[in-house]
Amino acid sequence: MRTSPTRSTGRKLISVAAVSAALVAAATTSVAVAQEPVAPGATLDAAAQTVAAPAERLIVGYKTGAAEATSNQAADADAAAKGKEAGESLDFQRRLGTGAALVDLGEELSKTDVADVIAEYKADPQVAYVVPDRLNKPMADPNDTEYAKQWDLFESTAGMRVPGAWTTATGTGVTVAVIDTGYVTHSDLAANIVAGYDFIADTAVSVDGDGRDSNPADPGDWYAAGECDQTEGSSSSWHGTHVAGTIAAVANNSKGVAGIAYNAKISPVRALGKCGGYDSDIIDAITWASGGTVSGVPANANVAKVINMSLGGGGACSAATQSAITGAVNRGTTVVVAAGNENANASTSNPANCNNVITVAATGRTGARASYSNYGSVVDISAPGGEMSTGTANGILSTLNSGAKTPSTESYAYYQGTSMATPHIAGLVALMKSANSSLTPAQIETAIKNNARALPGSCSGGCGAGLADAAKTVQAVSGTGGGTTGTVFSSTTAVSVSDNGAAVESSIAVTGRTGNAPSALQVGVDITHTYRGDLVITLVAPDGTTYPLKASSTSDSADNVNTTYTVDASSETANGTWKLRVQDVAASDTGKINSWKLTF
């Protein structure tokens with residue numbers, strides 16, 4: 001049995017709190033969450049009080065125009081000066097992909113020492129933010145099981161209706177970056193793996209004998225009892241390989257499982273190792289995966305338009321992490337993240353509570369929120385994540401490895417968790433981008449929400465727009481709604497939407513049709529608005545029957561609604577005057593209906 005690696009300095013990782021990932025009848029592994037960060041904008045005293053444990057490094061973001069924002073020499077000098085003021089030895093380590101500085105705190109510091117250093121930085125008007133380099137954890141609950149059907153893809157009760165999307169798209173031409181534990185070779189995935197990167201700088205976390213390099217192979221993340229702040233040890237999870245299989249395991253090869261986007265490519269981006277992974281590594285992984293530049297790392301030849309992050313920790317979304325996510329989205333990459341497994345409000349878990357991400361809660365085989373899944377207003381959508389307390393086969397089956405510590409033979413196993421729900425949505429995003437490459441991250445999020453179906457089971461606390469529907473969503477973004485003949489009726493007359501006022505309507509006269517409208521009537525909408533979460537959108541049939549298209553949402557702060565909804569209008573006579581009704585239900589934002597259309 002090998003001994004665990006140690007740092008020459010004898011320092012410890014940021015301490016983490018162990019919590020149960022889910023209640024399972026079989027053997028379970030606890031998942032830990034990182035501590036709460038310093039909240040941006042907090043007072044110095046409040047900021048200092050949020051340092052819950054010793055830390056090794058800080059992530060410092062400087063304001064634009066500050067010399068330290070671009071000069072490594074200046075950042076190093078600033079670290080030395082602030083360390084002197086705080087009575088500590090600080091050292092600039094490297095520049096993150098977002099431009100932030102990673103600052104080493106030297107020898108192990110107490111909570112009070114760390115708070116003093118943070119206070120020095122926050123007192124500097126040239127500093128935009130300073131946060132600890134926290135440790136994040138995989139969000140899954142592994143169990144060894146046997147092979148069974150993938151109910152999560154096709155079962156009528158709570159499956160995601162994936163086969164109905166495959167007639168339109170299978171993920172061809174799309175790369176998905178899986179920021180996770182890396183990849184262990186598996187013949188049911190190998191054909192869809194492209195080059196990735198290992199971003200773990202700390203050798204005690206990487207356990208592969210070196211720091212950052214171009215090899216994202218997963219050596220195993222096992223730990224012994226007493227390590228990683230856990231009383232019991234754990235076998236290696238092969239977490240990243242399980243997640244990757246859900247997204248893009250090879251299909252039609254007479255073996256194993258089928259991925260949701262089985263013709264997409266997976267770029268394994270390793271940022272989680274033994275005991276988890278640091279914010280600084282995850283930030284650079286996000287930046288690089290989406291096509292940004294990271295100092296010392298070769299340019300990414302496989303830029304991803306989808307990032308899957310089945311990981312997280314406790315506390316607010318730090319300014320450092322948000323900066324990386326915003327940068328990725330601005331480069332056109334959709335970021336999909338796990339809501340968390342604490343059966344708590346997801347607002348307490350990052351990156352679930354970050355802006356510009358799609359936050360995913362987990363459902364079980366009955367369609368109800370899984371007992372472990374986080375919930376709340378920051379959740380955007382739900383997807384199958386498994387509920388193994390009711391039986392092993394009610395988990396999510398995917399690719400794995402049989403090695404308890406280091407890689408052994410390839411295998412398949414059931415896991416459960418929001419880690420398993422998240423790749424369902426990442427796979428769906430890959431299908432959408434394959435069907436319509438021009439889609440923006442905002443359009444993708446809107447389409448997934450607008451085409452979700454009501455949760456088949458119960459959800460206390462809020463599960464987003466409902467259960468994702470792959471077939472309906474892909475049809476909507478590709479304009480291939482089933483049952484249509486392709487005849488289009490439209491209105492291009494602009495109608496102003498009153499700020500926090502009465503509903504307005506735009507009309508389309510449909511003539512020359514026979515019988516009823518189709519069961520998949522396509523409603524294309526182009527609305528300009530400065531806060532689309534304020535909008536309630538309804539289709540009104542000729543007889544006055546209403547079909548809700550979009551509800552208001554306090555968590556949807558993006559601009560504009562430019563998407564296609566699918567409505568079962570088969571009970572309505574096709575001919576007559578159809579109306580699009582739009583109401584702004586909150587103050588301070590303006591907009592207008594630019595155009596809309598019906599495709600029969």
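Heads up: numbering here begins at 1 and tracks the sequence.
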State, yes or no, whether a side-chain contact exists between [X] and [Y] at a heavy-atom distance under 4.5 Å.
{"X": "Val474", "Y": "Leu428", "result": "yes"}
{"X": "Ser382", "Y": "Leu455", "result": "yes"}
{"X": "Asn343", "Y": "Tyr375", "result": "yes"}
{"X": "Ile448", "Y": "Val429", "result": "yes"}
{"X": "Val360", "Y": "Val336", "result": "yes"}
{"X": "Val243", "Y": "Thr422", "result": "no"}
{"X": "Ile179", "Y": "Ile286", "result": "yes"}
{"X": "Cys317", "Y": "Asn355", "result": "no"}

Ignoring hydrogens and geometry, is there a side-chain-to-backbone donor-acceptor pair from [X] to [Y] under 3.5 Å?
{"X": "Thr170", "Y": "Ala261", "result": "no"}
{"X": "Thr399", "Y": "Thr241", "result": "yes"}
{"X": "Asp499", "Y": "Asp589", "result": "yes"}
{"X": "Asp284", "Y": "Gly97", "result": "yes"}
{"X": "Asn300", "Y": "Gly291", "result": "no"}
{"X": "Ser323", "Y": "Ala319", "result": "no"}
{"X": "Asn350", "Y": "Ala352", "result": "no"}
{"X": "Asn136", "Y": "Gly277", "result": "yes"}
{"X": "Asn192", "Y": "Ala248", "result": "yes"}
{"X": "Trp596", "Y": "Thr492", "result": "no"}

Between Gln475 and Thr566, does the side-chain hydrogen bond (donor to acceptor under 3.5 Å, both in side chains) criterion hold? Intermediate values first, please. CA-CA 8 Å; Gln475 288 171 0; Thr566 303; 5.4 Å; no
Which heavy atom of [X] sits nearest to which heavy atom of [Y], and what is that distance?
{"X": "Ala249", "Y": "Tyr262", "value": "O-CB, 3.3 Å"}
{"X": "Tyr531", "Y": "Ser553", "value": "CE2-O, 4.2 Å"}
{"X": "Val176", "Y": "Ala430", "value": "CG2-CB, 3.9 Å"}
{"X": "Ala468", "Y": "Ile381", "value": "CB-CG1, 3.9 Å"}
{"X": "Ser310", "Y": "Pro423", "value": "OG-CD, 3.7 Å"}
{"X": "Thr599", "Y": "Leu521", "value": "O-CD1, 3.5 Å"}

Does a salt bridge link Lys449 with Asp380, judged by any charged N lying under 4.0 Å from a carboxylate O?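 Salt bridge: yes.
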Does a side-chain N-to-carboxylate-O contact under 4.0 Å join Asp281 and Arg134?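 Salt bridge absent between Asp281 and Arg134.
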To the nearest 0.5 Å, how far apart are [atom1] in [X] and [atom2] in [Y]?
{"X": "Thr333", "Y": "Ile325", "atom1": "OG1", "atom2": "CD1", "result": "12.0 Å"}
{"X": "Ile247", "Y": "Asn308", "atom1": "CD1", "atom2": "CG", "result": "4.0 Å"}
{"X": "Asp133", "Y": "Ser280", "atom1": "CG", "atom2": "OG", "result": "3.0 Å"}
{"X": "Leu189", "Y": "His242", "atom1": "CG", "atom2": "NE2", "result": "11.0 Å"}
{"X": "Leu535", "Y": "Lys550", "atom1": "CG", "atom2": "NZ", "result": "5.5 Å"}
{"X": "Asp469", "Y": "Arg161", "atom1": "CG", "atom2": "CZ", "result": "5.0 Å"}

For Arg369 and Ser460, run side-chain hydrogen bond (donor to acceptor under 3.5 Å, both in side chains): C-alpha distance rounded to whole Å, both residues' side-chain angles, the deciding distance at 0.1 Å, then the answer. CA-CA 8 Å; Arg369 177 174 69 85; Ser460 56; 3.1 Å; yes
Going by atom types only, do [X] and [Y] share a side-chain donor-acceptor pair under 3.5 Å?
{"X": "Ser318", "Y": "Gln322", "value": "no"}
{"X": "Gln443", "Y": "Thr563", "value": "no"}
{"X": "Asp152", "Y": "His424", "value": "yes"}
{"X": "His529", "Y": "Asn560", "value": "no"}
{"X": "Thr530", "Y": "Asp559", "value": "no"}
{"X": "Thr181", "Y": "Asp218", "value": "yes"}
{"X": "Ser347", "Y": "Asn353", "value": "no"}
{"X": "Arg331", "Y": "Ser290", "value": "yes"}

Kindly determine whether Ser267 and Val194 satisfy side chain to side chain contact (heavy atoms under 4.5 Å, CB included), including the steps that lead there. CA-CA 5 Å; Ser267 175; Val194 296; 4.0 Å; yes
Distance under 6.0 Å and angle within 45° of the ring axis: does Arg212 meet both against Tyr197?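 Output no; distance or angle outside limits.
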Tyr278 vs Val205, test: side chain to side chain contact (heavy atoms under 4.5 Å, CB included). Steps then yes/no. CA-CA 9 Å; Tyr278 283 107; Val205 178; 4.1 Å; yes
Going through the checks in order, is the side chain to side chain contact (heavy atoms under 4.5 Å, CB included) test met by Ile358 and Thr334? CA-CA 8 Å; Ile358 299 177; Thr334 300; 3.7 Å; yes
Could you please spell out the steps behind the side-chain hydrogen bond (donor to acceptor under 3.5 Å, both in side chains) verdict for Arg532 and Thr446? CA-CA 10 Å; Arg532 67 178 181 220; Thr446 296; 3.1 Å; yes
Please determine whether side chain to side chain contact (heavy atoms under 4.5 Å, CB included) holds for the pair Ile59 and Ile283, giving the CA-CA distance in whole Å, both sets of side-chain angles, and the decisive distance to 0.1 Å. CA-CA 10 Å; Ile59 301 171; Ile283 286 166; 3.8 Å; yes
